[in-house]
Amino acid sequence: MTLMTFAYLLAGLILLVAGAEVLVRGAARLAAQFGIPPLIIGLTVVAFGTSAPEMAVSVQSAFAGQGDIAVGNVVGSNIFNVLFILGLSALITPMLVSRQLIRFDVPIMIGASLLAWFLAMDQRYGRLDGVLLFGGVLAYTGFLIVGSLRARNNGASEEFEDEYGIREPSGRLASLRHLAFIAAGLVLLVYGSGLLVDGAVSLAKALGLSELVIGLTIIAAGTSLPEVATSVIAALKGERDIAVGNVVGSNIFNLMAVLGLASLVSPTPLSVSANAIAFDYPVMIAVAMACLPVFFAGYCIRRWEGALFFAYYLIYTAWLVMHSTAAPGLAMFSQAMTWFVLPLTLTTLLVIGGRAWQQQR
């Protein structure tokens with residue numbers, strides 16, 4: 001049983017890496033051919049495609065009445081995406097941030113986080129909540145498509161000649177080839193994520209963790225591994241708009257499309273844990289809001305900022321596990337968070353925010 005679990009984990013990881021490589025290649029080439037900005041591709045095709053595992057897990061959990069897994073998967077994935085993925089990507093190479101992300105997409109991500117938290121205050125997501133959330137992602141996607149068409153008409157194709165050094169061949173055959181790469185990549189990503197989640201859940205249950213903690217950690221990390229592979233490979237290839245846009249777009253898609261559809265298809269209102277409302281939703285919102293000063297400071301995520309994000313994810317996960325298992329050192333850990341980590345975090349963000357404000361003057 002243990003060998004089979006580890007076999008699932010290894011096979012899933014291999015499929016994820018292969019799928020991410022194929023997906024990024026197809027998406028970038030499709031963008032180059034049609035003159036669509038790489039940021040838009042990252043925010044739509046890549047971001048929505050790599051969020052397919054979150055969609056599958058949350059919808060299946062909603063059908064099964066497992067609200068903690070469905071909601072924990074989304075909230076945990078969004079925290080994981082920013083802290084772990086952006087942190088790891090920035091450690092590999094400093095990440096350049098588009099002005100559109102700061103002015104439009106990150107505020108949308110923050111607004112969607114606040115809306116999801118507000119709708120969860122009654123500890124449930126009903127069908128009306130699902131309509132509001134899912135309608136939001138339709139409007140957001142429509143706005144992005146219209147904006148990309150305008151950018152294309154304003155000469156965005158020159159950006160691709162500078163970025164790739166060549167003009168992509170046009171024609172139906174080339175388009176079909178790129179779409180086939182994207183489809184094959186998505187299939188590999190979804191199937192690989194399924195294997196990883198199956199193995200991870202078996203390990204988590206053996207450790208006696210609650211469904212909410214499983215959703216927030218094991219399943220959230222497992223279903224977000226496509227984003228990990230996609231953003232890291234995009235960063236290594238220098239396609240940084242795709243790497244950062246993938247994370248922001250995935251978070252928006254998770255909150256609006258995944259939560260929205262799960263609420264719509266659930267036979268009964270989707271239950272939300274009081275613990276998640278009191279702690280995990282505020283952490284998700286704080287993480288989303290932290291992106292603004294970090295992104296604004298030089299329109300770049302530096303390596304030390306990536307290390308800070310990565311460290312905070314490890315701290316958050318450690319606290320979840322210790323709280324769930326009532327570990328003996330929980331009280332000391334919580335005191336260290338209150339008197340050292342949180343003040344240090346606020347001070348760091350204020351310094352970064354001040355630097356960003358001075359640069360804008």
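Nothing fancy with the numbering, it's 1 onward along the sequence. Being a predicted model, the structure only gives us computed values, none of them experimental. Computed over heavy atoms, backbone and side chain alike; hydrogens, waters and symmetry mates excluded.
Interatomic distance, SG of Cys300 versus CZ of Phe295, reported as 10.5 Å (0.5 Å rounding). With values rounded to the nearest 0.5 angstrom, Leu255 atom CG is found 11.5 Å from Ile110 atom CD1. Atoms OG and CD, from Ser58 and Gln66 in turn, are 11.0 Å apart once rounded to the nearest 0.5 Å. With rounding to the nearest 0.5 angstrom, the CE atom of Met256 is 14.5 Å from the CG atom of Leu261. For the atom pair CE (Met289) and CE (Met284), the distance works out to 12.0 Å, reported to the nearest 0.5 Å. To the nearest 0.5 Å, atoms CG (Asp129) and CG (Leu119) are separated by 4.5 Å.
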Q: Verify side chain to side chain donor-acceptor pair (under 3.5 Å) between Ser113 and Asn78, making sure each step is shown before the conclusion.
A: CA-CA 9 Å; Ser113 302; Asn78 280 23; 5.0 Å; no
Q: Could you walk me through whether Asn81 and Leu86 pass side-chain contact (heavy atoms from CB on, under 4.5 Å), step by step?
A: CA-CA 7 Å; Asn81 287 349; Leu86 285 185; over 6 Å; no
Q: Applying side-chain contact (heavy atoms from CB on, under 4.5 Å), run through Ile85 and Phe309 and close with a yes or a no.
A: CA-CA 9 Å; Ile85 298 178; Phe309 276 9; over 6 Å; no
Q) Stepwise, does the side-chain contact (heavy atoms from CB on, under 4.5 Å) test hold for Leu264 with Val131? A) CA-CA 7 Å; Leu264 286 172; Val131 169; 3.7 Å; yes
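Heavy-atom minimum distance, Val22 versus Gly185: CG1-N, 3.8 Å. Considering all non-hydrogen atoms of both residues, Leu270 and Ala262 come closest at CD2-CB, 4.2 Å. When all heavy atoms of Trp117 and Pro282 are compared, the pair lying nearest together is CZ2-CG, 3.8 Å. Of all heavy-atom pairs between Ser89 and Ser231, the closest is OG-CB, 3.8 Å. Pairing each heavy atom of Gly76 with each of Ala220, the nearest pair is C-CB, 3.4 Å. Here the closest heavy-atom approach between residue Val97 and residue Ile102 is recorded as CG1-CG1, 4.0 Å.
When hydrophobic clusters are built by joining Ile, Leu, Val, Met, Phe, Trp and Tyr residues whose side-chain heavy atoms come closer than 4.5 Å, directly or via intermediates, Leu320 is grouped together with Val75. Linking Ile, Leu, Val, Met, Phe, Trp and Tyr whenever their side-chain heavy atoms come within less than 4.5 Å puts Leu314 and Trp304 in one cluster. By the rule that hydrophobic residues join a cluster once side-chain heavy atoms approach within less than 4.5 Å of another member, Met95 and Ile92 end up as members of one cluster. Leu128 and Leu259 are assigned to two separate hydrophobic clusters, defined by single-linkage of ILVMFWY side chains at heavy-atom distances under 4.5 Å. Under the 4.5 Å side-chain heavy-atom criterion for grouping Ile, Leu, Val, Met, Phe, Trp and Tyr, Ile14 is not connected to Val187 through any hydrophobic cluster.
Between Val57 and Met55, the closest side-chain pair of non-hydrogen atoms is not below 4.5 Å. Counting only heavy atoms from C-beta outward, the side chains of Ser77 and Thr223 approach each other to under 4.5 Å. Val287 has its side chain out of reach of Tyr316: every pair of non-hydrogen atoms, C-beta onward, lies at least 4.5 Å apart. No side-chain heavy atom of Asn73 sits less than 4.5 Å from a side-chain heavy atom of Ser61. Residues Leu114 and Ile285 have side chains in contact (heavy-atom distance under 4.5 Å, counting atoms from C-beta outward). In this structure, Leu138 and Phe134 have side chains that are in contact, with non-hydrogen atoms separated by less than 4.5 Å. Annotation: side chain of Val71 is in contact with side chain of Tyr281 (closest heavy-atom distance under 4.5 Å). By the 4.5 Å heavy-atom criterion applied to side chains, Phe80 and Glu227 are not counted as neighbours.
Enclosure of atom OH in Tyr191 is not indicated, since only 12 or fewer non-hydrogen atoms of other residues, nucleotides or ligands lie within 6.0 angstrom.
Tested against Leu216, the residues Val321, Thr317, Asp280 include a single side chain to side chain contact (heavy atoms under 4.5 Å, CB included) partner, Asp280.
Ring-plane geometry between Tyr313 and Phe84 is classed as perpendicular, the angle between the planes exceeding 60 degrees on a 0 to 90 degree scale with a lower cut at 30.
A donor-acceptor contact shorter than 3.5 Å links the side chain of Arg127 to the backbone of Ser266.
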